[in-house]
Visitor: 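Please read through the structure below; I'll follow up with questions.
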Number of protein chains: 2
Amino acid sequence: MISDTIRLLNDNGLRKTDCRLDVLDFLLSQEHAVTHGQLEAEFPDFDRVTLYRTLSTFEDKGIIHDVKDGSGATKYAVCKHGSCSEHGHDDEHVHFKCIKCEQVSCVDNVHIPHIPLPEGFRAKSKNLLVEGLCNNC
Amino acid sequence: MISDTIRLLNDNGLRKTDCRLDVLDFLLSQEHAVTHGQLEAEFPDFDRVTLYRTLSTFEDKGIIHDVKDGSGATKYAVCKHGSCSEHGHDDEHVHFKCIKCEQVSCVDNVHIPHIPLPEGFRAKSKNLLVEGLCNNC
DNA sequence: AAGCAATATGCAACAGTATTGCAATTTAGA
DNA sequence: TCTAAATTGCAATACTGTTGCATATTGCTT
């Protein structure tokens with residue numbers, strides 16, 4: 001729904017430009033994390049730099065978060081449950097990457113247990129990438 | 001010790017070239033994961049492509065593994081305890097990245113517990129990146 | 001609805017990471 | 001010492017991402 005998109009932009013004090021509306025609408029419709037390259041293919045009329053800046057803006061506001069899945073290109077997905085904002089992102093992310101179709105999705109509601117670190121080390125955030133086969137592969 | 005280096009190359013059926021000897025010796029001496037760029041600075045006489053290929057060869061043989069820490073450049077560290085080989089790497093890696101000094105190190109002897117995945121998903125490997133402050137920062 | 005200041009966009013240029021093809025060199029073994 | 005196979009260096013190229021700046025658009029004010 002385009003109204004979700006508009007509300008998200010309004011709530012975050014962002015101007016409603018063509019690029020932001022289209023990109024955010026698209027991101028909200030995706031089941032999997034998407035790369036800048038996919039956005040470029042989806043929206044050839046927007047400049048690639050504008051797409052980069054749009055992603056960056058959304059990330060700064062806590063609307064989306066990035067996923068580093070080791071593929072070389074950063075992927076992005078919409079943040080859920082309002083656990084992120086411009087004041088900081090959720091400090092715990094679990095992502096699943098299928099080794100066959102290479103799709104990446106967020107695994108929600110999973111708590112990563114305490115990891116014993118060497119003396120003097122203090123953890124601030126944790127990022128877990130689980131790789132395997134998804135339900136379609 | 002250079003003899004550890006030579007033994008590793010021999011055990012993996014790799015020719016003892018200048019580049020491999022120097023790079024592997026260097027990698028064995030490092031506490032933290034290193035990037036290709038660091039190797040380039042350390043060994044300006046070897047071509048950058050050769051360094052890439054050397055890293056790739058070591059990785060294929062299970063001598064080193066890569067660490068994607070989100071910095072843009074892949075880092076590499078020597079595999080411990082012989083849990084890796086050319087038949088496959090250890091399926092569980094925990095790495096710590098200091099948010100201040102940006103050094104990355106392997107956290108050994110930590111088992112990542114079972115992560116509940118949605119119906120139909122099967123995990124093959126897990127990669128956990130913990131970020132925080134190290135004992136020097 | 002016209003004007004204005006702040007913001008966003010498009011374009012060009014550039015930086016860093018990584019890969020490929022190919023000719024020349026080096027290695028390990030006969 | 002000779003040779004085949006493996007390795008290296010070089011050139012070219014692709015991909016990801018960033019920066020500066022002029023132009024266009026947005027949202028607000030009048």
Side-chain angles (χ1 to χ4, degrees), chain A residues 2 5-27 33-61 63-76 86 102 104, chain B residues 2 5-26 33-61 63-77 86 102 104:
Chain A
I2 202 77
T5 308
I6 290 178
R7 188 164 35 72
L8 262 173
L9 293 179
N10 279 337
D11 290 355
N12 286 282
L14 294 176
R15 290 186 174 182
K16 289 172 281 299
T17 66
D18 291 348
C19 184
R20 287 179 185 165
L21 287 165
D22 286 0
V23 169
L24 185 49
D25 199 46
F26 179 74
L27 288 173
V34 304
T35 62
H36 170 268
Q38 286 175 266
L39 290 179
E40 235 185 314
E42 187 75 19
F43 302 109
D45 291 346
F46 295 123
D47 190 82
R48 50 193 300 285
V49 176
T50 301
L51 292 173
Y52 273 118
R53 288 197 267 232
T54 298
L55 288 169
S56 172
T57 300
F58 289 168
E59 194 171 14
D60 287 348
K61 293 295 186 181
I63 299 173
I64 62 176
H65 64 274
D66 60 26
V67 188
K68 309 276 173 51
D69 72 342
S71 70
T74 304
K75 292 189 167 86
Y76 298 88
E86 65 187 309
E102 306 212 306
V104 173
Chain B
I2 204 75
T5 307
I6 291 178
R7 189 164 33 73
L8 262 173
L9 292 179
N10 280 337
D11 290 354
N12 287 282
L14 294 175
R15 289 186 174 182
K16 291 172 280 302
T17 67
D18 291 348
C19 184
R20 288 178 184 166
L21 287 165
D22 286 359
V23 170
L24 186 48
D25 198 45
F26 178 75
V34 305
T35 62
H36 170 269
Q38 285 174 267
L39 291 179
E40 233 186 314
E42 187 75 19
F43 304 108
D45 291 346
F46 295 123
D47 189 83
R48 46 194 309 285
V49 175
T50 301
L51 293 172
Y52 273 118
R53 288 196 267 232
T54 298
L55 288 169
S56 172
T57 300
F58 290 167
E59 194 170 13
D60 288 346
K61 292 296 186 181
I63 297 172
I64 63 177
H65 64 274
D66 60 27
V67 188
K68 309 274 172 52
D69 72 343
S71 71
T74 304
K75 292 190 165 86
Y76 298 88
E86 63 187 311
E102 306 211 306
V104 172

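The sequence lines fix the lettering, A, B, ..., with proteins before strands; numbering per chain opens at 1.
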Visitor: Please give, in whole Å, the distance from D/dT18 C1' to A/Leu51 CG?
Guide: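 Distance, rounded to whole Å: 14 Å.
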
Visitor: Could you go step by step and tell me if A/Tyr76 and A/Phe58 meet the ring-ring contact (aromatic ring centres under 6.0 Å, His included) rule?
Guide: CA-CA 10 Å; A/Tyr76 298 88; A/Phe58 289 168; 9.8 Å; no

Visitor: Please tell me if the side chains of B/Arg53 and B/Val49 come closer than 4.5 Å, counting only heavy atoms from C-beta onward.
Guide: yes

Visitor: May I ask you to test the B/Arg20-B/Leu14 pair for a side-chain heavy-atom distance under 4.5 Å?
Guide: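 Sidechains of B/Leu14 and B/Arg20: in contact.
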
Visitor: Rounded to the nearest Å, what distance is computed from the NE2 atom of residue A/His36 to the C1' atom of nucleotide D/dT18?
Guide: 11 Å

Visitor: Taking it one step at a time, do A/Asp47 and A/Leu51 satisfy side chain to side chain contact (heavy atoms under 4.5 Å, CB included)?
Guide: CA-CA 6 Å; A/Asp47 190 82; A/Leu51 292 173; over 6 Å; no

Visitor: Quick check on D/dG27: is either OP1 or OP2 less than 4.0 Å from any side-chain nitrogen or oxygen of A/Lys16?
Guide: yes

Visitor: Can you measure B/Tyr52 atom OH to D/dA14 atom P for me and round it to whole angstrom units?
Guide: 17 Å

Visitor: What is the separation between atom CZ on B/Arg48 and atom P on D/dA12, rounded to the nearest whole Å?
Guide: 14 Å

Visitor: Any side-chain donor paired with an acceptor under 3.5 Å for A/Asp66 and A/Thr74?
Guide: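 Checked: A/Asp66/A/Thr74 side chains show no N/O donor-acceptor pair below 3.5 Å.
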
Visitor: Using a cut-off of under 3.5 Å, enumerate the N/O to N/O pairs linking the protein to nucleotides 3-7 of chain D.
Guide:
unit_1: D/dA6; atom_1: O4'; unit_2: B/Arg15; atom_2: NH1; d: 3.1
unit_1: D/dA6; atom_1: O4'; unit_2: B/Arg15; atom_2: NH2; d: 3.3
unit_1: D/dT7; atom_1: OP1; unit_2: B/Arg20; atom_2: NH1; d: 2.7
unit_1: D/dT7; atom_1: OP1; unit_2: B/Arg20; atom_2: NH2; d: 2.9
unit_1: D/dT7; atom_1: O5'; unit_2: B/Arg20; atom_2: NH2; d: 3.3

Visitor: Do you know which of B/Asp22, B/Asp25, B/Asn10 makes side chain to side chain donor-acceptor pair (under 3.5 Å) with B/Thr5?
Guide: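 With B/Thr5 as partner, side chain to side chain donor-acceptor pair (under 3.5 Å) holds for just one option, B/Asp25.
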
Visitor: Given side chain to side chain contact (heavy atoms under 4.5 Å, CB included), test B/Arg48 with B/Glu40 step by step and report yes or no.
Guide: CA-CA 6 Å; B/Arg48 46 194 309 285; B/Glu40 233 186 314; 3.5 Å; yes

Visitor: Using a cut-off of 4.0 Å on non-hydrogen atoms, how would the nucleic acid contact of B/Thr35 be classed: base, sugar-phosphate, or nothing?
Guide: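 Contact class for B/Thr35: none.
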
Visitor: Which two nucleotides bound the region of DNA chain C that has atoms under 4.0 Å from heavy atoms of chain B, read 5' to 3'?
Guide: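 Extent of the interface on DNA chain C: C/dT17 to C/dA28.
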
Visitor: Contact between A/Leu39 and A/Leu55 at the side-chain level, heavy atoms closer than 4.5 Å - yes or no?
Guide: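 In contact.
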
Visitor: If you pin A/Glu40 and A/Arg53 to their nearest nucleotides in DNA chain D, which one's is more 5'?
Guide: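 The residue closer to the strand's 5' end, by nearest nucleotide, is A/Glu40.
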
Visitor: Applying a 4.0 Å non-hydrogen cut-off, can you work out what A/Gly72 is touching in the nucleic acid: base, sugar-phosphate, or nothing?
Guide: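 If one applies the 4.0 Å heavy-atom cut-off, A/Gly72 turns out to touch the sugar-phosphate alone, with no base involved.
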
Visitor: Any donor-acceptor pair under 3.5 Å linking the side chain of A/Thr54 with the backbone of A/Thr50?
Guide: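 It does hold such a pair.
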
